[in-house]
Trainee: 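Would you mind keeping the following structure in view while I ask a few things?
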There are 2 protein chains.
Amino acid sequence: MARATKKKTSEAPEKTTRIQEINRRLILDAALDVFSTYGFRGTTIDQIADKAGMSKPNLLYYFPRKQNIYVTLLEETLEEWLAPLAEIDPEGDPIEQLRKYITVKIRMSESHPEASRLFANEVLHGAPAISEFLSKHLKPLVDDKAAVIRRWVGEGKLAPVDPYHLIFMIWATTQHYADFDVQVRAIMGNQVGRPGFREQTAQAVLSIILNGIRPRL
Amino acid sequence: MARATKKKTSEAPEKTTRIQEINRRLILDAALDVFSTYGFRGTTIDQIADKAGMSKPNLLYYFPRKQNIYVTLLEETLEEWLAPLAEIDPEGDPIEQLRKYITVKIRMSESHPEASRLFANEVLHGAPAISEFLSKHLKPLVDDKAAVIRRWVGEGKLAPVDPYHLIFMIWATTQHYADFDVQVRAIMGNQVGRPGFREQTAQAVLSIILNGIRPRL
DNA sequence: CTGCATTTTGACCAACTAGTCAAGTTTTTG
DNA sequence: CAAAAACTTGACTAGTTGGTCAAAATGCAG
């Protein structure tokens, strides 16, 4: 990670000015748009600078390398992306907890599709920039929640199911609507934009998954 | 689409020589590897030429534009990718037909992950090269099968479920294991390579989806 | 084995792009 | 309000990459 600015005396404090805060945000917002559409290699610094409304050298004043923008963006996104999983309550009602998790994920997929695509693209290409994050942060969290789900299964509160595959299935299904949006639109056409579409999607997904894991008599 | 070679007399026949056949195959195989890993923009012609064991100008003799290789590859892939959906038998047993479809898709995801990633990457970036294919070929086929599933639901052979969302869920879940392989590996570690992994995956996916759509009393 | 068509390649070019730099402008601060 | 710090940018460079070209090598039909 690069130091943002050099101060006269060499310290760590790193105070950020008002202008820095504004411009970094401007850059990151523009970059999310562009990176999520064209991927890392497909994106040029000029595109981001244009969209952020500033000159390329100025952009590079805030983020000395293209990589810096990309990595910052991914880190920001992952944090937010994982939060709902962490909030699954081991003491709550299993079906209810999973219903909430799936619902939140579908909502995120609709409200921040770019974030989903940014992440999908990175993983698709082998996750060169975040493989450490995956093993150091994601894995432990998933292991933790998988254990909870396994306990639920043991207690007969869920049908016997591999917790990891269940989690993957939830991720795959919910993110599909953001990542493969073009395909969904090609098939379902005008329906996609319509008001109740998200609810209809949530309903269908919840119905299949929850009935699929409800304890069977 | 570009004409491959010009013949002395201007005709259509387009005969392909032995060498052409060999080299085109060599190029396409190499290109699938590289494109699926780095995406269209992230791939250089030199990389493909290297992997195919020939010089860049020679490669360009067979495919005058980088685009040509990419599009050819996508078309080849899509054909194969869609076949299993077409094979769903409207007269068969619903649960059995869907079990077969899911099983085949998981097998394909494991045996040709590059093809899945190539396609995923293209759709993720807005499907610029295949949007026509999506609306002209994919949509009609899906509409057709959705109608079959809807009829099954009407006949009480499946629980009430939106057929389109069911199909999306099957695609999302099965392709997840190819497209997000790195993530799956980061979480499940050594298990992924192990012999029975595909069967375990298939078992989990089938169990949730099929129980999720089995008619309820 | 000869002459024509096909295949192969080294050398090259033009366009693009990440990143630099030095000189200016604006903002902050004492 | 002046000086210092922070910010901004036009012009530039070096490296990369898609694609060209002309000439050489190879394959093949008669």
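Lettering of chains follows the sequences in order, A, B, ..., and the numbering in each one begins at 1.
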Trainee: Side chain of B/E75, backbone of B/T72: donor and acceptor closer than 3.5 Å?
Mentor: no
Trainee: Return the OG to CZ distance between A/S207 and A/R99, rounded to the nearest 0.5 Å.
Mentor: 10.0 Å
Trainee: Rounding to a whole Å, what distance do you find between B/L59:CG and C/dT6:P?
Mentor: 19 Å
Trainee: Under 4.0 Å between a side-chain N or O of B/Q20 and OP1 or OP2 of C/dT7?
Mentor: yes
Trainee: With a 4.0 Å cut-off on N to O distance, would you call B/R25 and B/E76 a salt bridge?
Mentor: yes
Trainee: D/dT8 P sits how many Å from A/I22 CD1, rounded?
Mentor: 10 Å
Trainee: Hey, does the side chain of A/N23 come within less than 4.0 Å of D/dT8's phosphate (OP1/OP2), counting only N and O?
Mentor: yes
Trainee: Closest approach to the side chain of B/R41, judged atom by atom: which nucleotide of C/dT17, C/dT6, D/dG19 is it?
Mentor: C/dT17
Trainee: Would you call the rings of B/W171 and B/F168 parallel, tilted or perpendicular, where under 30° means parallel and over 60° means perpendicular?
Mentor: tilted
Trainee: Over 60° means perpendicular and under 30° means parallel, so classify the ring planes of A/F119 and B/F180, tilted if in between.
Mentor: tilted
Trainee: Figure out the NZ/C1' separation between A/K66 and C/dA18, and round it to whole Å.
Mentor: 8 Å
Trainee: Measuring to OP1 and OP2 of D/dG19, would you say a side-chain N or O of B/R65 lies under 4.0 angstrom away?
Mentor: yes
Trainee: Among residues 45-57 of chain B, which ones have heavy-atom contacts with DNA chain D below 4.0 Å?
Mentor: B/I45, B/K56, B/P57
Trainee: Going by an N to O cut-off under 4.0 Å, is there a salt bridge joining B/R18 and B/E21?
Mentor: no
Trainee: Under 4.0 Å from OP1 or OP2 of C/dT8: is there any side-chain N or O of B/Y61 that close?
Mentor: no
Trainee: Is the A/H125 ring parallel, tilted or perpendicular to the B/H125 ring (thresholds 30°, 60°)?
Mentor: perpendicular
Trainee: Quick one: CG on A/D181 to CZ on A/R117, what's the gap to the nearest 0.5 Å?
Mentor: 5.5 Å
Trainee: If you look only at pairs with a residue in residues 193-203 of chain A, which of them pass as a salt bridge (Lys or Arg N to Asp or Glu O under 4.0 Å), with sequence neighbours excluded?
Mentor: A/E110-A/R198
Trainee: Of the nucleotides C/dG19, C/dT7, D/dT8, which has the atom closest to the B/T17 side chain?
Mentor: C/dT7
Trainee: Within the structure, does a side-chain N or O atom of B/Y62 lie under 4.0 Å from either OP1 or OP2 of C/dT8?
Mentor: yes
Trainee: Any side-chain N or O of B/N58 below 4.0 angstrom from OP1/OP2 of C/dG10?
Mentor: no
Trainee: Check the distance between C/dG19's P and A/I27's CD1 and give it to me in whole angstrom.
Mentor: 14 Å
Trainee: Enter the distance from B/I130:CD1 to B/Y70:OH here, rounded to the nearest 0.5 Å.
Mentor: 7.5 Å
Trainee: Which nucleotide, C/dT20, D/dG18, D/dT9, lies nearest any side-chain atom of A/L60?
Mentor: C/dT20
Trainee: Without decimals, in angstroms, what is the distance between A/E21 CD and D/dC7 C1'?
Mentor: 16 Å
Trainee: Would you mind reading off the distance between A/L26 atom CG and D/dT8 atom P, rounded to a whole angstrom?
Mentor: 10 Å
Trainee: Polar-atom pairs under 3.5 Å, protein N or O versus N or O of nucleotides 26-30 of chain D: list them with distances, or write none.
Mentor:
from	atom 1	to	atom 2	distance (Å)
D/dC28	OP1	B/R18	NH2	3.3

